[in-house]
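The structure displayed is predicted, hence computed values, not measured ones. So you know, we letter chains A, B, ... as the sequences are listed, proteins then strands, and number each from 1. Computation of the quantities below employed the complete heavy-atom set of this structure, encompassing side-chain atoms and omitting hydrogens, waters and symmetry-equivalent molecules.
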Amino acid sequence: MPELPEVETVKRSLENHISGLTISEVDLLMPKILKTPSPQSFAGILAGKTIKKLGRRGKYLLIHLSGNHTLVIHFRMTGRLVYSPPGTAPAKHTHAVFRLSNGHELHFTDMRQFGRMALLETDRLDTLAGLKDLGVEPLSEEFTREFLKKQLKRRRVKIKLLLLDQTFIAGLGNIYADEALHKARINPEKTAAHLTIREIALLYRAIRDVLEEGIANRGTTFRDYVDGMGQAGSNKEALRVYDREGKPCLSCGKPVVRTRLGGRSSYYCPSCQK
DNA sequence: AAGAAGTCCTGGGCGC
DNA sequence: TGCGCCCAGGACTTCT
């Protein structure tokens with residue numbers, strides 16, 4: 001599931017290859033993945049636009065184009081955007097093909113059809129639902145220990161659920177939230193407002209550490225995730241609790257437990273995370 | 001108003 | 001072996 005480190009890796013792997021290229025033609029094969037504009041006008045707006053630079057906000061990939069336009073992509077669980085040589089047959093579940101001025105193509109593929117794209121004027125990005133409501137970027141200077149402390153104080157929700165709330169912190173998903181809580185030795189069910197000063201300091205550090213480690217390892221691949229060059233990431237080997245139910249905790253050796261929180265799996269060590 | 005539950009999807013894993 | 005069932009999960013909508 002592409003979370004912040006995976007989207008950042010897609011961005012970094014693509015930007016040197018596609019920056020400066022012009023989009024010559026677009027095939028939208030699955031119109032429903034487009035939030036805006038209408039499928040009829042999508043290809044027409046994109047044709048002739050040059051890719052200026054790539055950006056990222058939370059789990060959203062931003063492709064900034066000439067003519068004050070930005071293509072916004074959210075991969076959800078199984079989305080991929082892969083730079084492909086001329087004539088590459090689109091893989092199954094390919095929903096959009098962008099032909100570029102050097103003959104290469106960008107293929108957007110998503111088995112589960114949950115991923116979404118939007119195309120709008122760059123200066124109107126703050127009108128896009130989801131994107132406009134995102135919380136702080138966890139790797140930015142804006143995200144400080146003081147900020148986290150202040151925000152947690154009044155929240156009576158379980159800390160794991162708050163970490164998954166994109167309007168609180170942008171970019172954490174189920175994997176990195178579990179990893180951060182394990183690293184900080186905090187039980188996922190603990191009420192946010194009840195975290196001690198020490199726990200907040202540990203959590204702050206852990207969030208940044210697990211995200212930076214994920215980026216350094218070029219993302220976590222279980223089955224579907226690949227970067228912009230179609231390559232898997234290696235961060236699965238660095239995971240300490242996620243998807244390790246019944247296996248020994250790498251800190252204390254007791255079995256990792258799986259529970260359900262907010263309809264999602266939560267992996268943690270009951271011995272280390274009280 | 002916050003929080004819970006339902007919705008969208010497909011491939012894989014499971015039981016029989 | 002093969003069929004059918006159910007689960008995984010991010011963000012958005014709807015309900016309480």
Would a line drawn from the ring center of Tyr242(A) to the ring center of Tyr176(A) be shorter than 6.0 Å? no
In whole angstroms, how far is the [atom2] atom of [N] from the [atom1] atom of [X]?
X         : N       : atom1 : atom2 : answer
Met1(A)   : dT10(B) : CE    : C1'   : 15 Å
Asp110(A) : dT10(B) : CG    : P     : 10 Å
Lys158(A) : dA2(B)  : NZ    : C1'   : 14 Å
Asp224(A) : dT10(B) : CG    : P     : 14 Å
Ile33(A)  : dT10(B) : CD1   : C1'   : 16 Å

5′-ward residue of the pair Gly130(A)/Ser265(A) relative to DNA chain C: Ser265(A)
Can you work out whether Asp133(A) or Met77(A) has the more 5'-proximal nearest nucleotide on DNA chain C? Met77(A)
Using a cut-off of 4.0 Å on non-hydrogen atoms, how would the nucleic acid contact of [X] be classed: base, sugar-phosphate, or nothing?
X         : value
Tyr60(A)  : sugar-phosphate
Tyr242(A) : sugar-phosphate
Arg156(A) : sugar-phosphate
Arg260(A) : sugar-phosphate

Restricting to non-hydrogen atoms, name the atom on Leu14(A) and the atom on Met229(A) that form the minimum distance, rounded to 0.1 Å. CD2-CE, 4.1 Å
Side chain to side chain contact (heavy atoms under 4.5 Å, CB included) partner of Leu65(A), the single match among Ile23(A), Thr122(A), Ile45(A): Ile23(A)
Could you check Phe114(A) against Arg154(A) and say which one's nearest nucleotide on DNA chain B is further toward the 5' end? Arg154(A)
Along DNA chain B (nearest heavy atom to each residue), the more 5'-positioned of Leu161(A) and Arg76(A): Leu161(A)
Is Leu61(A) reachable from Val72(A) through a run of hydrophobic residues whose side-chain heavy atoms are each under 4.5 Å from the next? no
Looking at Lys92(A), I'd like to know whether one of its side-chain N or O atoms comes within less than 4.0 Å of OP1 or OP2 on dG11(B). yes
Can you tell me how far CD of Glu213(A) sits from CG of Leu239(A), rounded to the nearest 0.5 angstrom? 8.5 Å
To the nearest 0.5 Å, tell me how far Met30(A) CE sits from Thr109(A) OG1. 11.0 Å
Identify the residue among Lys160(A), Glu3(A), Glu179(A), Arg264(A) that makes a side-chain hydrogen bond (donor to acceptor under 3.5 Å, both in side chains) with Asn174(A). Lys160(A)
Going 5' to 3' on DNA chain C, which nucleotide is the first and which the last to come under 4.0 Å of a heavy atom in chain A? dA8(C) to dC12(C)
